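In what follows, chains are A, B, ... by sequence order, proteins preceding strands, each numbered from 1. Note that this is a predicted model, so its numbers are computed, not measured.
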Amino acid sequence: MAYNHNVPENCRLFILVGKGIKEDAFREAFGKYGKIEDVWVVKDRRSNEDKGVVYITFSRASEAALAMQEMNGRVVPGHPKPIKVLIANSKRDGSVRDPHEDEKILRLFLIIPKSMSEDELRREFEQYGDIDYATVLRDKNTGESKGFGYVKFFRPYHAALALENCDRSFKPKFAEPKMPRGERDNDYEMDYQYSRDTRPPGAYPRGPERGPDRHERGTKRCFSEYSGRDDYHDDGPPRSRFSHGPLGQHRSPDDLEQRNDEIADHKLVGEGPMEMIQNYVNNGCQRLHVTAPLGLTQQYLTRLFNLIPGLEYCDLNEATGIAYVRYATPQCAAYAKDKLDGFEYPLGSRLIVRFADAPNVPDLKTASAMNFENYGIPGSSFERDESDTIRKAALILEKAGINPDRVLASDNSIERVTYCNIMLPLPKPLSPEDSSLAQRLFIVCQPAAVPERILRDAFCRFGDLIDVYLLSGRNYGYAKYASKECAMKAISVLHGQSIAGQRLKVLEAEPPKEDNRREGRDRHDSHSE
DNA sequence: CGACGGGACGC
DNA sequence: CGACGGGACGC
């Protein structure tokens with residue numbers, strides 16, 4: 001435990017690259033995919049010359065996977081050679097090439113309820129991306145679930161999103177590769193298989209509502225554009241030379257309401273107005289940069305952008321409120337930008353949607369700042385007719401399966417949540433799992449258990465929550481806090497209230513029953529690793 | 001085309 | 001009444 005400080009798994013990129021490129025160029029090229037923790041341009045000890053290898057550590061695996069997916073095979077500006085981007089092995093594993101190393105970044109090991117079937121497991125995780133397989137391990141004799149399973153994705157980015165965003169009770173981990181000796185069939189060249197536009201063999205479009213253009217792209221583009229691609233050369237669906245008007249144009253309040261209407265009237269939902277989308281100009285940009293209000297969750301934002309056909313991913317950094325969204329075609333992206341830029345979501349806040357890397361929008365900061373002027377200032381003309389706007393927006397959110405009551409309160413300190421009978425403080429970040437325990441609470445749900453994600457959402461709102469869980473199959477459990485005040489606040493607010501239809505008791509927990517009284521220096525820490 | 005530095009448990 | 005959680009894949 002001494003070294004290897006808490007760098008999460010699969011957050012580091014291993015990049016093969018031309019020599020003479022400086023650290024700043026990598027920060028510039030990779031920084032937009034996430035928070036860069038470290039850039040190391042490897043140099044020869046003696047000659048001090050570049051070795052053509054760079055390591056970049058991101059704060060999260062999804063950021064690294066996204067950067068790999070987007071940057072592999074591209075060039076760093078000003079340097080002609082396309083780079084090769086892989087997820088780095090952990091330092092401990094060294095440079096060994098495991099023949100099944102892809103499992104380390106594609107497959108999750110998950111703790112699941114004993115009652116959960118493979119279908120349910122798959123359904124739970126396919127919200128994060130296309131799934132290769134979902135398995136539940138069972139006792140050979142009784143057939144009873146062992147309470148854990150594996151889910152394998154096609155893309156590292158999707159696996160990482162699932163890991164980071166699934167209910168914490170799954171205790172997700174990247175699975176250790178373990179393969180029967182028999183080889184698997186689709187062992188095609190791994191090197192570039194996760195790159196930008198590829199869709200793996202057997203992948204299917206997520207969700208039945210996807211537009212037909214998805215299928216056309218589908219399987220056959222896997223390796224078409226890797227070699228030496230250095231710019232936008234879209235070979236996607238039929239492009240149109242016509243547009244429904246200029247893009248990125250200043251918008252009037254009437255336009256916003258008009259768009260809300262369109263969405264509410266289903267013009268935008270479901271099978272999608274494909275011919276309309278095709279009429280959007282192809283500017284070669286499939287990625288959008290979204291500025292969302294803080295507090296908005298990954299899941300909710302994904303549902304919103306998924307209303308528009310062709311969504312490939314929607315990655316929100318919940319800490320910054322910045323999301324990157326990608327669609328199957330530039331037209332879909334343009335359509336999404338047109339419809340959702342300035343959209344009131346959640347109620348009371350507006351999204352800002354820009355092209356992430358369009359040549360004609362070189363400076364994101366400038367674009368965002370301008371946009372704030374247009375939409376973000378209270379007292380602007382957007383406030384007129386407020387009740388009507390809110391009503392329409394609520395309609396749209398309901399269609400996306402989003403709870404319209406989850407409104408950011410005007411004073412930004414409490415909100416209405418549908419699962420609870422009272423207003424609650426806004427969610428606060430969890431304390432790290434290894435935080436020292438300050439107070440434990442005993443929780444009883446009567447008459448029946450409440451899903452853990454709801455408990456987590458409720459109990460985190462007082463701050464410094466480490467963990468909350470119910471004993472498996474029971475209606476009681478514990479919440480652990482890193483601060484006594486936060487725990488006591490949770491008791492004072494939540495005790496006696498109703499959550500997900502259950503009556504809640506929240507008490508200070510008694511010390512664990514098995515008297516571990518010898519808390520001195522009972523065991524010597526085996527310094528592992 | 002292919003693999004590991006610097007600084008470092010702490011206010 | 002309601003008291004203490006689960007963890008690796010048929011070679």
Side-chain angles (χ1 to χ4, degrees), chain A residues 1-6 12-19 23 38-45 48 51-57 72-73 81-97 100-101 103 107-114 116 133-141 145-152 168-182 190-192 227 440-449 452 467-480 502-516 525 527:
Chain A
M1 288 276 207
Y3 35 96
N4 237 358
H5 30 157
N6 304 319
R12 200 171 56 132
L13 296 179
F14 171 59
I15 305 169
L16 296 153
V17 69
K19 305 180 182 185
E23 176 178 329
D38 188 37
V39 174
W40 171 25
V41 181
V42 180
K43 294 184 191 309
D44 184 274
R45 267 270 174 65
N48 204 35
K51 293 173 83 171
V53 167
V54 177
Y55 293 98
I56 298 180
T57 306
N72 187 33
K81 183 180 166 177
I83 64 176
K84 184 165 172 177
V85 185
L86 302 165
I87 303 291
N89 284 348
S90 71
K91 278 192 175 175
R92 209 191 53 192
D93 291 352
S95 59
V96 293
R97 296 184 71 176
H100 297 297
E101 64 189 353
E103 302 214 326
R107 203 171 61 128
L108 301 181
F109 173 70
L110 303 160
I111 303 301
I112 60 176
K114 289 254 194 340
M116 184 175 254
Y133 60 77
T135 57
V136 171
L137 279 93
R138 297 178 180 281
D139 184 284
K140 300 176 188 75
N141 301 319
S145 166
K146 289 185 177 173
F148 60 89
Y150 295 95
V151 171
K152 188 176 179 189
R168 298 342 276 161
S169 62
F170 285 111
K171 293 290 155 72
K173 288 183 158 73
F174 286 107
E176 290 299 322
K178 180 163 276 183
M179 265 285 135
R181 354 180 17 179
M190 267 198 51
D191 286 350
Y192 292 106
S227 48
R440 223 166 49 114
L441 305 182
F442 180 57
I443 303 166
V444 185
C445 309
Q446 286 172 321
E452 260 183 37
D467 194 16
V468 57
Y469 60 91
L470 301 184
L471 299 187
S472 88
R474 306 290 163 91
N475 65 332
Y476 53 84
Y478 298 89
K480 297 179 184 175
Q502 310 303 314
R503 209 71 182 172
L504 208 58
K505 289 188 180 179
V506 186
L507 323 168
E508 293 183 61
E510 299 297 329
K513 74 166 175 211
E514 283 201 301
D515 273 18
N516 291 350
D525 267 76
H527 40 286

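- When each of B:dA3, B:dG6, B:dG2 is scored by its nearest atom to the side-chain atoms of A:R45, the top-ranked nucleotide is B:dG6.
- A:F148 comes within contact range of the sugar-phosphate backbone alone, with a heavy-atom separation under 4.0 Å but no base atom that close.
- Contact annotation: side chain of A:K43 to base of B:dG5, donor-acceptor pair absent below 3.5 Å.
- The shortest distance between side-chain heavy atoms of A:F170 and A:E452 does not fall below 4.5 Å.
- Residue A:K114 is out of contact with every strand shown, counting any heavy-atom pair closer than 4.0 Å.
- Nearest to the side-chain atoms of A:R107 among the listed nucleotides C:dC9, C:dC4, B:dG5 stands C:dC9.
- Note on A:K51: a side-chain N or O is less than 4.0 Å away from OP1 or OP2 of B:dC4.
- Going from atom CH2 of A:W40 over to atom C1' of B:dG7 covers 13 Å, rounded to whole Å.
- Judged by distance alone, with hydrogens and angles left aside, A:R138 brings no side-chain donor or acceptor close enough to the base of C:dC9 to form a pair under 3.5 Å.
- B:dC1 has its base syn relative to the sugar, with a glycosidic angle deviating from 0 by at most 90°.
- For A:K114, there are no salt bridge (charged side-chain N to carboxylate O under 4.0 Å, His left out) partners two or more places apart in sequence or in a different chain.
- The base of B:dG2 does not come close enough to the side chain of A:N89 for any donor and acceptor atom to sit less than 3.5 Å apart.
- Note that the NZ atom of A:K173 and the CD1 atom of A:I111 stand 7.5 Å from one another [nearest 0.5 Å].
- A distance of 11.0 Å separates CG in A:L137 from CG in A:L110, rounded to the nearest 0.5 Å.
- Atom NZ of A:K480 and atom P of C:dA3 are 18 Å apart (whole Å).
- Between the NZ atom of A:K152 and the C1' atom of C:dA8 there is a distance of 16 Å, given to the nearest Å.
- Taking the ring-ring contact (aromatic ring centres under 6.0 Å, His included) definition, one finds that A:Y150 meets it with A:F109, sequence neighbours left out.
- Rounded to the nearest 0.5 angstrom, A:Y469 OH and A:I443 CD1 are separated by 9.5 Å.
- Nearest to the side chain of A:P512, among C:dC9, C:dG7, C:dC4, sits C:dC4.
- You'll find that the side chain of A:I111 is closest to C:dG7, out of B:dG2, C:dA3, C:dG7.
- Remark: C1' of C:dA8 and CG of A:D139 are 15 Å apart, rounded to the nearest angstrom.
- Contact annotation for A:K173: base contact, defined as any heavy-atom pair under 4.0 Å involving a base atom.
- Between the CG atom of A:L108 and the P atom of C:dC9 there is a distance of 17 Å, given to the nearest Å.
- Using a 4.0 Å heavy-atom cutoff across all strands shown, A:R440 reaches at least one base atom of the nucleic acid.
- Residue A:L137 has its side chain nearest to C:dC9 when only C:dG5, C:dC9, B:dC4 are considered.
- Counting non-hydrogen atoms under 4.0 angstrom, A:R12 reaches a base of the nucleic acid.
- Side-chain contact check for A:V444 versus A:N475: some heavy-atom pair is nearer than 4.5 Å.
- For A:N475, whose side chain is taken as the heavy atoms from C-beta onward, the closest listed nucleotide among C:dG5, B:dG2, C:dG2 is C:dG2.
- In this structure, A:Y476 does not pack face-to-face on the six-membered ring of C:dA3, missing the 5.5 Å centre cutoff or the 30° plane limit.
- Residue contacts shown for A:L471 are limited to sugar-phosphate atoms, with no base heavy atom under 4.0 Å away.
- In the set C:dG5, C:dA3, B:dG5, the nucleotide with an atom closest to the side chain of A:Y469 is C:dG5.
- In this entry the distance linking CG of A:L86 with P of B:dG2 reads 12 Å, nearest Å.
- For the pair A:F442 and A:V468, nearest-nucleotide mapping onto DNA chain C gives the more 5' position to A:F442.
- Regarding the sugar-base torsion, C:dC9 falls in the anti class, its angle being beyond 90° of 0.
- Residues A:V136 and A:M116 have side chains not in contact (no heavy-atom distance under 4.5 Å, counting atoms from C-beta outward).
- Distance CD (A:E452) to C1' (C:dG6): 10 Å, rounded to an integer number of Å.
- Candidate nucleotides C:dG6, B:dG2, C:dC4 were compared by shortest atom distance to the side chain of A:K171, and C:dG6 ranks first.
- Comparing B:dA3, C:dA3, B:dG6 against the side chain of A:V53 picks out B:dA3 as the nearest.
- Distances were taken from every side-chain heavy atom of A:Y150 (C-beta onward) to each of C:dC4, B:dG5, C:dA8; the shortest belongs to C:dA8.
- With centres under 5.5 Å and a plane angle under 30° as the test, the ring of A:F14 is not stacked against the base of B:dG2.
- In this structure, A:K19 atom NZ and B:dG2 atom P are separated by 10 Å, rounded to whole Å.
- No engagement by A:I112 is indicated, since no non-hydrogen atom pair under 4.0 Å with the nucleic acid exists.
- Contacts of A:D467 with the nucleic acid, taken as non-hydrogen atoms under 4.0 Å apart, include base atoms.
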